[in-house]
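Below: the structure, in structure tokens.
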Amino acid sequence: MNFGFTLSPSSSIDLSKLDYTTYEHLLMVEPTAAVCMNCGSCGATCTVSSYKGMSVRKLLTGLQRGQDMHSMLSSCMLCGKCSMVCPRGVNTRHILLTLCQIYD
């Protein structure tokens with residue numbers, strides 16, 4: 001019988017397969033990454049966000065979760081709008097440049 005819903009597969013994550021070294025290295029190089037409060041101001045002002053889904057908030061959240069965020073970096077134009085609107089003063093441009101160096 002169909003009761004109007006379907007069961008989806010488990011969304012469990014194998015924590016032993018996640019890699020946190022990129023985020024830890026980023027914190028050593030740019031410690032302001034740790035003060036991001038995920039407010040979304042960076043994504044709201046991002047020129048590319050509405051087209052490609054790029055956001056420093058999404059990038060940092062993915063890194064904190066141990067995910068590989070290499071594909072998101074290619075869409076950033078390094079315009080600096082996200083740095084100007086950050087209420088915590090996170091140096092987003094330096095974060096993005098550091099991640100580009102790490103992933104290359």
Side-chain angles (χ1 to χ4, degrees):
M1 291 192 123
N2 184 355
F3 294 104
F5 65 91
T6 58
L7 296 176
S8 58
S10 175
S11 62
S12 64
I13 299 171
D14 186 1
L15 296 176
S16 63
K17 294 183 180 179
L18 298 179
D19 183 19
Y20 299 101
T21 56
T22 305
Y23 184 68
E24 291 167 356
H25 178 70
L26 177 66
L27 288 179
M28 285 190 289
V29 176
E30 184 54 58
T32 62
V35 299
C36 176
M37 62 181 177
N38 292 325
C39 67
S41 296
C42 54
T45 60
C46 182
T47 307
V48 182
S49 180
S50 59
Y51 302 107
K52 298 280 187 169
M54 169 63 188
S55 171
V56 178
R57 179 184 62 83
K58 288 181 187 178
L59 186 69
L60 287 175
T61 302
L63 289 173
Q64 288 170 345
R65 293 178 180 170
Q67 299 170 342
D68 181 23
M69 303 303 288
H70 183 263
S71 61
M72 190 177 282
L73 288 174
S74 63
S75 58
C76 180
M77 298 185 335
L78 293 173
C79 64
K81 289 181 183 177
C82 51
S83 293
M84 292 188 290
V85 298
C86 181
R88 293 278 179 106
V90 175
N91 191 348
T92 56
R93 182 177 278 175
H94 191 239
I95 288 172
L96 292 166
L97 290 172
T98 302
L99 287 173
C100 287
Q101 289 175 351
I102 289 172
Y103 283 125
D104 281 340

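Below, all heavy atoms of this structure are taken into account, side chains as well, without hydrogens, waters or symmetry copies.
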Exercise. Quick one: are T22 and L26 in side-chain contact, heavy atoms under 4.5 Å?
Worked result: no
Exercise. Is the closest side-chain heavy-atom distance between L59 and L73 below 4.5 Å?
Worked result: yes
Sequence neighbours left out, what pairs pass ring-ring contact (aromatic ring centres under 6.0 Å, His included) with at least one residue falling in [range]?
{"range": "residues 26-46", "result": "none"}
{"range": "residues 20-39", "result": "none"}
{"range": "residues 33-83", "result": "H70-Y103"}

For this session: Any chance you could measure L97, atom CG, to I102, atom CD1, to the nearest 0.5 Å?
Result: 11.0 Å
For this session: Nearest 0.5 Å please: distance from the SG atom of C46 over to the CE atom of M54.
Result: 6.0 Å
Taking side chain to side chain donor-acceptor pair (under 3.5 Å) as the test, write out the residues that go with [X], two or more places apart.
{"X": "T98", "result": "none"}
{"X": "E30", "result": "T32, H94"}
{"X": "S75", "result": "none"}
{"X": "K81", "result": "T47"}

Exercise. N91 and R93: side chain to side chain contact (heavy atoms under 4.5 Å, CB included), yes or no, with the steps?
Worked result: CA-CA 6 Å; N91 191 348; R93 182 177 278 175; 4.2 Å; yes
Problem set entry | Chi angles and distances behind the side chain to side chain contact (heavy atoms under 4.5 Å, CB included) call for L99, M69 | CA-CA 9 Å; L99 287 173; M69 303 303 288; over 6 Å; no
Problem set entry | Contact summary for V35 and R88, nearest pair of heavy atoms | O-NH1, 3.0 Å
For this session: Could you pull out the closest heavy-atom pair between C76 and L96, with the gap in Å?
Result: SG-CD1, 3.4 Å
Problem set entry | With C82 via side-chain contact (heavy atoms from CB on, under 4.5 Å) - residues at least two apart | C42, V56, T92
Exercise. What side chain to side chain donor-acceptor pair (under 3.5 Å) pairs are there with at least one residue in residues 35-44, not counting sequence neighbours?
Worked result: N38-T61
Exercise. If you group Ile, Leu, Val, Met, Phe, Trp and Tyr whenever their side-chain heavy atoms sit less than 4.5 Å apart, what else falls in with M37?
Worked result: none
Problem set entry | Same apolar cluster: L78 and I95, side chain cutoff 4.5 Å | yes
